[in-house]
Structures are given as structure tokens and as C-alpha cells.
Asks: 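I have a structure I would like to understand better, so I am pasting it below and will then ask my questions one at a time.
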Amino acid sequence: MASAVVLRSLVNRNIASALVQRSARSLAIQVRSAHSDTAYVPGGPVYKGTVNDPTTFPTPNRTHGSHHWAFERLLSAALVPMTAAAFVTSGSAYPILDGLLGISLVVHSHIGFDTILVDYLHKRKFPILGPIASWTLRATTVGVLVGIYQFNTNDIGLTELVAKVWAA
């Protein structure tokens with residue numbers, strides 16, 4: 001930089017700028033050839049498209065995401081007979097069914113709320129609020145699972161609670 005200033009003060013500006021550009025270009029060629037496998041393109045790197053072009057996406061995969069979708073649908077479909085069976089039988093007579101119903105309801109709710117957070121509070125758009133909301137949901141889900149476990153083991157259970165509320 002200092003040599004360029006001295007050169008400009010001594011010689012005509014056009015000649016000095018031509019010398020500086022040539023030396024900078026040769027330096028860029030040397031640096032690029034030393035650190036890259038691609039050949040130097042005069043005028044700089046070539047970018048495909050413009051800033052207004054859409055982002056390229058990975059190639060579609062038939063199974064990507066289908067496992068989550070299948071699990072969500074299977075869980076939703078399993079909740080219907082599980083709920084009916086839990087309310088026909090007594091929760092104290094079938095505690096495993098009561099526990100499965102409690103876990104299934106919490107997991108079903110977690111998946112639904114997580115989908116809402118992914119759709120409306122995505123971490124790319126909300127880099128602080130998105131992860132905070134996701135971790136809050138996870139912590140709340142763990143807390144609810146602990147509460148359901150405590151309620152089913154130390155109290156009357158989920159199905160007995162619903163039966164008492166329904167009869168009241």
C-alpha cells in the first residue's frame with residue numbers, strides 16, 4: 001500500500017494505477033493457483049445466477065420425511081382405539097393401558113406443537129426466539145411426562161380422572 005502511494009506521487013496516475021493493477025492481478029493469480037484446484041478466470045469468479053434466483057434444493061428422496069409422517073399418522077390412528085379401550089375399562093385394572101394412553105397423548109401433542117414451531121418460529125428467521133421456543137417445548141414435554149407418570153402411579157390415573165370429571 002505504501003509503495004503504491006509513493007509510486008503515484010512520483011509518476012503519472014494512469015501509469016501508476018496500471019502498474020498496481022498488474023501487480024495485484026499477478027499476486028491474485030499466484031495466490032489462487034497456490035490454494036485452488038481450479039484455474040484462474042480473468043475478471044474474478046463466475047457465479048451462476050443472481051441474488052434473486054431461488055436456492056438450489058437437494059434432489060428429492062422418496063423416503064426423506066416419510067418416516068416422520070408415517071409415525072405421526074400411526075400414532076394418531078392408534079389413539080382412537082386406545083382412548084376407547086381406556087374409557088371402557090378401568091384405569092386401575094389396566095395400568096399399562098393408562099400409561100400408554102398418557103404417553104401417547106403427550107407425544108402426539110409434542111409433535112403437533114413442534115410442527116407449529118417449525119412452521120412459524122423457524123430458527124433461520126428467528127435465530128434467538130426459535131431455539132428458545134423449541135427447548136421450552138422439550139422441557140415442558142419432559143415435565144408433563146413426569147407429571148403423567150406421577151399421576152398414574154401415585155394417584156387415580158388419567159382414565160379414572162376423566163371418568164370422574166365426565167360423571168360430575
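Numbering starts at 1 and runs along the sequence shown.
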Asks: Ignoring hydrogens and angles, write down the donor-acceptor pairs under 3.5 Å from the side chains of residues 116-123, residues two or more places apart or on other chains.
Replies:
residue: His122; atom: ND1; partner: Arg124; partner atom: N; Å: 3.2

Asks: Determine whether Leu161 and Phe151 make a side-chain contact, defined as any pair of heavy atoms from C-beta on separated by less than 4.5 Å.
Replies: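 Side-chain contact under 4.5 Å: yes.
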Asks: Give a yes or no answer on whether the side chain of Asp155 reaches the backbone of Gln150 with a donor-acceptor pair at less than 3.5 Å.
Replies: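 Not at all, since once roles are kept as given, no pair shorter than 3.5 Å links the two residues.
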Asks: Given Thr159, which of Thr89, Val88, Leu101 fulfils the side chain to side chain contact (heavy atoms under 4.5 Å, CB included) condition?
Replies: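 That would be Leu101.
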Asks: Counting distance only, does the side-chain N/O of Asn152 pair as donor-acceptor with the main-chain N or O of Leu158 below 3.5 Å?
Replies: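 Yes, the answer is positive, given that a donor and an acceptor are paired below the 3.5 Å cut-off.
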Asks: Calculate, to the nearest 0.5 Å, the distance between atoms NE2 and OG1 belonging to His68 and Thr115 respectively.
Replies: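 Answer rounded to 0.5 Å: 10.5 Å.
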Asks: Flag the pair Phe113 / Thr140 as yes when at least one side-chain heavy-atom distance between them is below 4.5 Å, and no otherwise.
Replies: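 No; the side chains remain at least 4.5 Å from each other.
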Asks: Out of curiosity, does Val144 fall in the hydrophobic cluster containing Ile103 (side-chain heavy atoms, cut-off under 4.5 Å, transitive links)?
Replies: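 Yes, because Ile103 and Val144 connect within a single hydrophobic cluster, where side-chain heavy atoms sit under 4.5 Å apart.
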Asks: Roughly how far, to the nearest 0.5 Å, is NE2 of His108 from CG of Leu79?
Replies: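 So the CG of Leu79 and the NE2 of His108 are separated by 6.0 Å.
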Asks: Taking the side chain as everything from C-beta on, heavy atoms only, tell me whether Ile96 gets closer than 4.5 Å to Leu100.
Replies: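 Ile96 reaches Leu100 side chain to side chain.
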Asks: Rounded to the nearest 0.5 Å, what separation is found between the CG atom of Leu97 and the OG1 atom of Thr83?
Replies: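 Separation between the atoms: 9.0 Å.
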Asks: Given side chains that start at C-beta, do those of Ile148 and Leu105 come closer than 4.5 Å, heavy atoms only?
Replies: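 Ile148 vs Leu105: side chains apart.
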Asks: Taking only residues two or more places apart in sequence, or in another chain, which ones meet Tyr149 in a side-chain contact (heavy atoms from CB on, under 4.5 Å)?
Replies: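 So Tyr149 forms a side-chain contact (heavy atoms from CB on, under 4.5 Å) with Thr153.
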Asks: Who pairs with Thr141 by side chain to side chain donor-acceptor pair (under 3.5 Å), at least two apart in sequence or on another chain?
Replies: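 Thr141 satisfies side chain to side chain donor-acceptor pair (under 3.5 Å) with His110 only.
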Asks: Let me confirm one number: the CZ-CG distance from Arg73 to Leu75, rounded to the nearest 0.5 Å.
Replies: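 If I round to the nearest 0.5 Å, the distance is 10.5 Å.
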Asks: Leu145, Ile111: one ILVMFWY side-chain cluster at the under-4.5 Å cut-off?
Replies: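 They do share one cluster, since a chain of ILVMFWY contacts under 4.5 Å joins Leu145 to Ile111.
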